[in-house]
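Beneath this line is the structure, given in structure tokens, with notes to follow.
When a ligand or atom number is given, it counts from 1 through the structure's own listing order.
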Amino acid sequence: MKVIVAPHKEEASDYVASSIAALMSTDRSVRIGLATGETMVSVYQELVQQLTIRGQCGMGYVETFNLDEYWPIEPGHFGSFAQFMHRHLFSHVSPWIQRSHILRGDAPHPNVECGRFQSLLAERPLDAQLLGLGVNGHIGFNEPGTSFQSRTRKVMLSSSTKKRNAPQFPGEMPDYALTMGIADIMEAKAIILVVFGSQKQEVLTRAILGSVSEDCPASILQTHPNVTIVADKVAASGLSHEHENLSLTVTTL
Ligand code: GLP
């Protein structure tokens, strides 16, 4: 695991956006897994700026897959992740992205929808997956206790996750979500986990230095061969060069 520590979320977002912009500007086909949440707002803002400054698209075919979506929800609902993506990224960078896939929050049969998405992922493995971190260690909507073998499926949202996401959701939040499973996330060739703020400091330390356990879904990332964690200084304050070993490096920007 590579940990990149930036002074603030601005520099961290800049670092993540550069990596994604470089991928999106290549001449080959790339598939990128995207995430939502407060953390991604500044990352996408920076990505939009960087792509706009670059001014030309690569010759490749860029396809994106989102991690999760509330259920049931209309894709046009302001609180849906479909709308989040439209507002913060897709509407600004349409020339760079040829196709985007988001689980349908209005699917009448969630199992069928999850199966469809799962088949797409199986056919088109992700080159990179962007991830945020829940304060309880969740990734996507895979809450503590989720099996590491889990696949794309409908899940019930925990009350703590609903409370945490409420500021970004007008009205009453749905009780369920559709999410990529942990096994799906782990199949991405590279994973970039982005973590900001003091509230995530304890969980980030546990995810990286603690035991690999289903009690902390993000801890599975310790077993992935290509993970970069980009954190601001406060979130990364539990990690230092002292913790470095053969599989963990800490670089300060
Ligand atoms: C949400 C999403 C995750 C997101 C995480 C962190 O519930 N399902 O995909 O990465 O929690 O969110 P935030 O960045 O708002 O802290």
Shortest protein contact, atom 12 (O) of ligand 1 (heavy atom only): Gly37 CA, 4.1 Å

How long is the straight-line distance from NE2 of His138 back to OG of Ser160, given to the nearest 0.5 Å? 8.0 Å

Closest heavy-atom approach to atom 9 (O) of ligand 1 among Thr39, Asp68, Leu193 is made by Asp68

Where ligand 1 meets Phe141 - atom numbers and elements under 4.0 angstrom, heavy-atom basis: 7 (O), 8 (N)

Taking atom types as modelled, is there a side-chain donor on His77 or Glu74 under 3.5 Å from an acceptor on the other? no

Applying a strict 4.0 Å limit to heavy atoms, is Gly140 in contact with ligand 1? yes

In this structure, atom 10 (O) of ligand 1 is nearest to the protein heavy atom Gly132 CA, 3.2 Å

If you count the atoms of ligand 1 from 1 in the order shown, which ones are under 4.0 Å from a heavy atom of Arg164? 16 (O)

Using distance alone, with no hydrogens and no angle criterion, decide if Asn66 and Thr64 have a side-chain donor and acceptor under 3.5 Å apart. no

Polar contacts were defined as any N/O atom of the residue lying under 3.5 Å from an N/O atom of the ligand; does this apply to Lys200 and ligand 1? yes

Leu67, portion touching ligand 1 at heavy-atom distance under 4.0 Å: side chain

Starting at CD of Glu187, measure out to NE2 of His224 and round the result to the nearest 0.5 Å. 9.0 Å

Please work out which of the three classes, parallel, tilted or perpendicular, describes the rings of Phe81 and Phe84, given edges at 30° and 60°. perpendicular

Measure the distance from atom 4 (C) of ligand 1 to every protein heavy atom, then report the residue, atom name and distance (to 0.1 Å) of the closest one. Thr36 O, 3.7 Å

Evaluate the side-chain proximity of Asn165 to Tyr70: yes if any heavy-atom separation is below 4.5 Å, no if none is. yes

Would you kindly specify which portion of Leu133 sits under 4.0 Å from ligand 1, judged on non-hydrogen atoms: side chain, backbone, both or neither? backbone

Check His138 against ligand 1 and report side chain, backbone, both or neither, counting heavy atoms closer than 4.0 Å. side chain

Counting heavy atoms only, which part of Val135 comes closer than 4.0 Å to ligand 1: side chain, backbone, both or neither? neither

Pairing residues for His92 by the ring pair (Phe, Tyr, Trp, His ring centres under 6.0 Å) criterion, not counting sequence neighbours: none

